[in-house]
Amino acid sequence: AVATYDGSVMLLDAADLKKGNAIFKATSLITALIWTKAGVIAGDAQGKLWKSDVAGFSVSKNGSKITALASRGDELYVATAGNEVVVYSLKGMTDKGLPETSRHTLADGFVEAMVASEKGVFAIVKGALRSLSANGLTPETLAVDGPQLTLTGDGSLVVVISRGAVSYV
């Protein structure tokens, strides 16, 4: 899935990158995109979540843009530039949105990037890799050089840039 400048989210053929049909269109710039068990979900610059069968619904209480999305099991983690992390259940989605299971305001700053694996949810906040749970950030940190964050192909390790080198955690 790919988001375009006009808020459209469409599927591309991975073999040749040919455009498919738009599956939905947001009314604001898409700032985060993820493929979950429930399908493609996008976050926008006005703090709303979008899906093909769900019109944009507000996540951010102050309208802050969505900075990162991560999905683990039946949970969707949503981070905003307003230091919010909201966890939703992917079960029970209605045309009005997702059931919220927890909400936290982070004192440490906003989540710049986020990934999820079987081992947990990991986020970069103020230049440090942190573990994130439904209860908020853990105190343990690893200093990183920038917001680049991904997983190895098998999802077993988190990959970051730390001390000028690629690090596997």
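Side chains included, hydrogens not; waters and symmetry mates left out as well; all remaining heavy atoms used.
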Chemist: Determine whether V159 and T152 make a side-chain contact, defined as any pair of heavy atoms from C-beta on separated by less than 4.5 Å.
Modeler: yes
Chemist: Within the side chain of R72, is there an N or O that forms a donor-acceptor pair under 3.5 Å with the backbone of S117?
Modeler: yes
Chemist: Only counting residues at least two apart or in another chain, list the ones meeting side-chain contact (heavy atoms from CB on, under 4.5 Å) with A81.
Modeler: S64, K65, T67
Chemist: Considering only heavy atoms from C-beta outward, does the side chain of V40 approach that of I34 to under 4.5 Å?
Modeler: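 When only atoms from C-beta onward are counted, I34 and V40 do not touch, as no gap falls below 4.5 Å.
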Chemist: Would you indicate whether the side-chain heavy atoms of L98 and S89 approach each other to under 4.5 Å?
Modeler: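 S89 vs L98: side chains apart.
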Chemist: Between T80 and G82, is there a donor-acceptor pair closer than 3.5 Å when you use the side chain of the first and the backbone of the second?
Modeler: yes
Chemist: Between the side chain of S131 and the main-chain N/O of F122, is any donor-acceptor distance below 3.5 Å?
Modeler: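 The answer is no, because no donor-acceptor pair under 3.5 Å joins these two groups.
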Chemist: Taking a hydrophobic cluster as the set of Ile, Leu, Val, Met, Phe, Trp and Tyr residues connected by side-chain heavy atoms closer than 4.5 Å, whether directly or through intermediates, do V78 and F110 fall within one such cluster?
Modeler: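 Cluster IDs for V78 and F110 differ.
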Chemist: Charged N to carboxylate O under 4.0 angstrom, D108 versus K126?
Modeler: no
Chemist: Heavy-atom distance under 4.5 Å between the side chains of I41 and L90, does that happen here?
Modeler: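 When only atoms from C-beta onward are counted, L90 and I41 do touch, with a gap below 4.5 Å.
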Chemist: Are R103 and E84 within salt-bridge range, i.e. N to O under 4.0 Å?
Modeler: yes
Chemist: Can you tell me if K48 uses its side chain to pair, donor with acceptor, with the backbone of V59 under 3.5 Å?
Modeler: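 Flag not set: sc K48 to bb V59 has no pair under 3.5 Å.
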Chemist: Flag the pair L106 / V111 as yes when at least one side-chain heavy-atom distance between them is below 4.5 Å, and no otherwise.
Modeler: yes
Chemist: Just so I know, are the side chains of L49 and V54 near enough to count as touching, which here means a heavy-atom distance under 4.5 Å?
Modeler: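 A side-chain contact under 4.5 Å is absent here.
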Chemist: Does a side-chain heavy-atom distance below 4.5 Å link L151 with V158?
Modeler: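 Yes, their side chains come closer than 4.5 Å.
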